[in-house]
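First the structure, in the form of structure tokens, and then the observations on it.
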Amino acid sequence: MRRTQATHRAAMGSQVRDWFGFQQFPSATQNKLVELFGKLKEEGVSTLTILVMGKGGIGKSSTVNSLIGERVANVNPFQSDPLRPVMVSRSRAGFTLNIVDTPGLVEGGYVNHQALELIKRFLLNKTIDVLLYVDRLDAYRVDDLDKQIISAISDSFGKEIWRKSLLVLTHAQLCPPDDLPYDVFCDRRSEAVLKTIHAGARIGKREIQQYPIAVGLAENSTRCNKNESDEKILPNGNAWIPSLVKEIIGVATNGSKAILVDKKLIDGSEANERGKKLIPLIMGVQWLIVKWIQGAIEKDIARNPRGL
């Protein structure tokens, strides 16, 4: 995690602008963010790169805009997600925040593997400090497509990416059904999505503690309620932007290695090497099966020489 800002700028290959949007946050939010980013700098961390992924139309781009404090990603409910990944870089007081917004991972009811390939190639030689996997809080079920999305992400970036992930549930200002308490509803929805992540990423029960995926909430609507300090708050009273940033930094500093997207990962060479190692074994099994069939035929002929 110890990288100088100059080195990181060269690696990211992106223009880093001053973080003017930071001044748009309420003073209370600014103070909390300064404290949080200050702790990172004390640990020698001057940059943070966040990858945002999920289905389309769930609030990925809106969440990017909220975290930056500027309209950096185009949001239009009548248009689809951007066709290509976009990275936004902002710098303030020696700290650089990079957020990568991505196309939706579903097209025509199926996993969009082309989008995943575009994302991987866009990230070549870049390091992912945190993955924000985004879904909606107000969705009441998960299905097999959700599991397929998780599996595709795991196959593309490796299972280890879930050690650096944070589940973000958008549309978090809602009244839960059946008079459920807000926190109870959030816990149940989170649990359902986390179970799908564990299943799709093939994280067994014995491994779950090694993949402690935290949960954050977001409400990007301009109608979001506010507290006396003018901060956007959720029904549980939490100011969600600093709360979400705190969770993000928790993932960034959780001790697990950040994910470097190198050519080996993009080409899937590790999977290919494993496949090559299995070829002799597969051929050997096939040879044994053929020999067994031949032996069975010879025995059958010996027992019935006239085919009777």
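Everything numeric here is computed off the predicted structure, so don't read it as measured data.
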Counterpart residues, side chain to side chain contact (heavy atoms under 4.5 Å, CB included), relative to Q24 (two or more places apart): none

Salt bridge (Lys or Arg N to Asp or Glu O under 4.0 Å) against K120, all qualifying residues, sequence neighbours excluded: E117

Looking at every heavy atom in both S156 and L265, which two are closest together, and how far apart are they? O-CD2, 3.2 Å

Measuring only between side-chain heavy atoms, which start at C-beta, is L116 closer than 4.5 Å to L105? yes

How would you list, by chain and number, every residue that makes a salt bridge (Lys or Arg N to Asp or Glu O under 4.0 Å) with K226, sequence neighbours excluded? D230

Between atom CZ of R189 and atom CG of L167, what is the distance when rounded to the nearest 0.5 Å? 8.0 Å

For the atom pair CG (D262) and CG (L123), what is the distance rounded to the nearest 0.5 Å? 11.5 Å

Does D138 have any salt bridge (Lys or Arg N to Asp or Glu O under 4.0 Å) partners at least two apart in sequence or in another chain, and if so, which? R136

Between N220 and S62, do the side chains contain a donor N or O and an acceptor N or O under 3.5 Å apart? no

Go through the structure and list residues passing ring-ring contact (aromatic ring centres under 6.0 Å, His included) with W19, not counting sequence neighbours. F22, F37

Please check if I208 and L131 belong to a single hydrophobic cluster, counting links between Ile, Leu, Val, Met, Phe, Trp and Tyr side chain heavy atoms closer than 4.5 Å. yes

With hydrophobic residues grouped by side-chain heavy-atom distances under 4.5 Å, do F122 and L118 end up in a single group? no

Side chain to side chain contact (heavy atoms under 4.5 Å, CB included), that's the test. Do Q148 and Y110 meet it? Break it down for me. CA-CA 9 Å; Q148 292 175 30; Y110 297 92; 5.5 Å; no

Pairwise distance CD1(I119) to OG1(T102) - rounded to 0.5 angstrom: 4.0 Å

May I ask whether L174 and L217 are part of the same hydrophobic cluster, defined by side-chain heavy atoms of I, L, V, M, F, W, Y residues being less than 4.5 angstrom apart, directly or through others? yes

Residues pairing under ring pair (Phe, Tyr, Trp, His ring centres under 6.0 Å) where one sits in residues 143-191, two or more places apart or in two chains, turn out to be Y133-W162, Y140-F185

Any side-chain heavy atom of L97 within less than 4.5 Å of one from S89? no

K60 versus K55: any side-chain heavy-atom pair under 4.5 Å? no

If I compare all heavy atoms of S61 with all of D101, which pair ends up nearest, and what's the gap? OG-OD2, 2.5 Å

Among all residues two or more places apart in sequence or in another chain, which pass the side chain to side chain contact (heavy atoms under 4.5 Å, CB included) test with I248? L48, I50, L67, V130, L132, L166, L244

Student check: side-chain heavy atoms of T49 and K126 closer than 4.5 Å: no

Determine, using the 4.5 Å side-chain heavy-atom cutoff (strictly less than), whether V215 and L180 are members of one ILVMFWY cluster. yes

Would you call E160 and R163 a salt bridge, using N to O less than 4.0 angstrom? yes

Counting only heavy atoms not in K39 (residues, nucleotides, ligands), do more than 12 fall under 6.0 Å from its NZ? no

Identify each donor-acceptor pair in which a side-chain atom of residues 194-204 lies under 3.5 Å from a protein atom, sequence neighbours left out, and give them as a table.
from	atom 1	to	atom 2	distance (Å)
T196	OG1	A192	O	3.1
H198	ND1	L194	O	3.2
R202	NH2	D155	OD1	2.9

Which pair of heavy atoms, one from I233 and one from C224, lies closest together, and at what distance? O-SG, 3.3 Å

Show your reasoning for whether side chain to side chain contact (heavy atoms under 4.5 Å, CB included) applies to S190 and L169. CA-CA 8 Å; S190 301; L169 298 175; 3.5 Å; yes

V72: partners by side chain to side chain contact (heavy atoms under 4.5 Å, CB included), with sequence neighbours left out: V64, N65, I68, E70, V88, R90

For D143, which residues count as a salt bridge (Lys or Arg N to Asp or Glu O under 4.0 Å) partner, sequence neighbours excluded? R141

Can you confirm whether Q114 is buried at CD, in the sense that more than 12 heavy atoms of other residues, nucleotides or ligands lie under 6.0 Å from that atom? no

For S221, which residues count as a side chain to side chain contact (heavy atoms under 4.5 Å, CB included) partner, sequence neighbours excluded? E219, R223

What I want to check is whether the side chains of K263 and N125 have a donor and an acceptor closer together than 3.5 Å. no

To the nearest 0.5 Å, atom CH2 of W240 lies from atom OG of S66 at 4.0 Å

Is any side-chain heavy atom of L145 less than 4.5 Å from a side-chain heavy atom of V106? yes

Return a table of donor-acceptor pairs under 3.5 angstrom between the side chains of residues 28-35 and protein atoms on other chains or two or more places apart.
from	atom 1	to	atom 2	distance (Å)
T29	OG1	E231	OE2	2.8
Q30	NE2	Q23	O	3.4
Q30	NE2	F25	O	2.8
N31	ND2	S27	O	3.3
K32	NZ	E231	OE1	3.2
K32	NZ	E231	OE2	3.2

Main chain of N225, side chain of Q173: is a donor-acceptor contact present, judged purely on distance under 3.5 Å? yes

Could you go through the side chain to side chain contact (heavy atoms under 4.5 Å, CB included) check for T170 and T63 one step at a time? CA-CA 8 Å; T170 62; T63 301; 3.6 Å; yes

Nearest-0.5 Å distance, CG of residue D144 to OG of residue S151: 8.5 Å

Flag the pair V184 / P176 as yes when at least one side-chain heavy-atom distance between them is below 4.5 Å, and no otherwise. no

So CG of L137 and CZ of R188: to nearest 0.5 Å the spacing works out to 13.0 Å

Note, V142 side chain near V193 side chain (heavy atom, < 4.5 Å): yes

Report whether I266 and M53 are members of the same hydrophobic cluster (ILVMFWY, side-chain heavy atoms less than 4.5 Å apart, transitive linking). yes

Do I153 and I161 come within less than 4.5 Å of each other through their side chains, counting heavy atoms only? yes

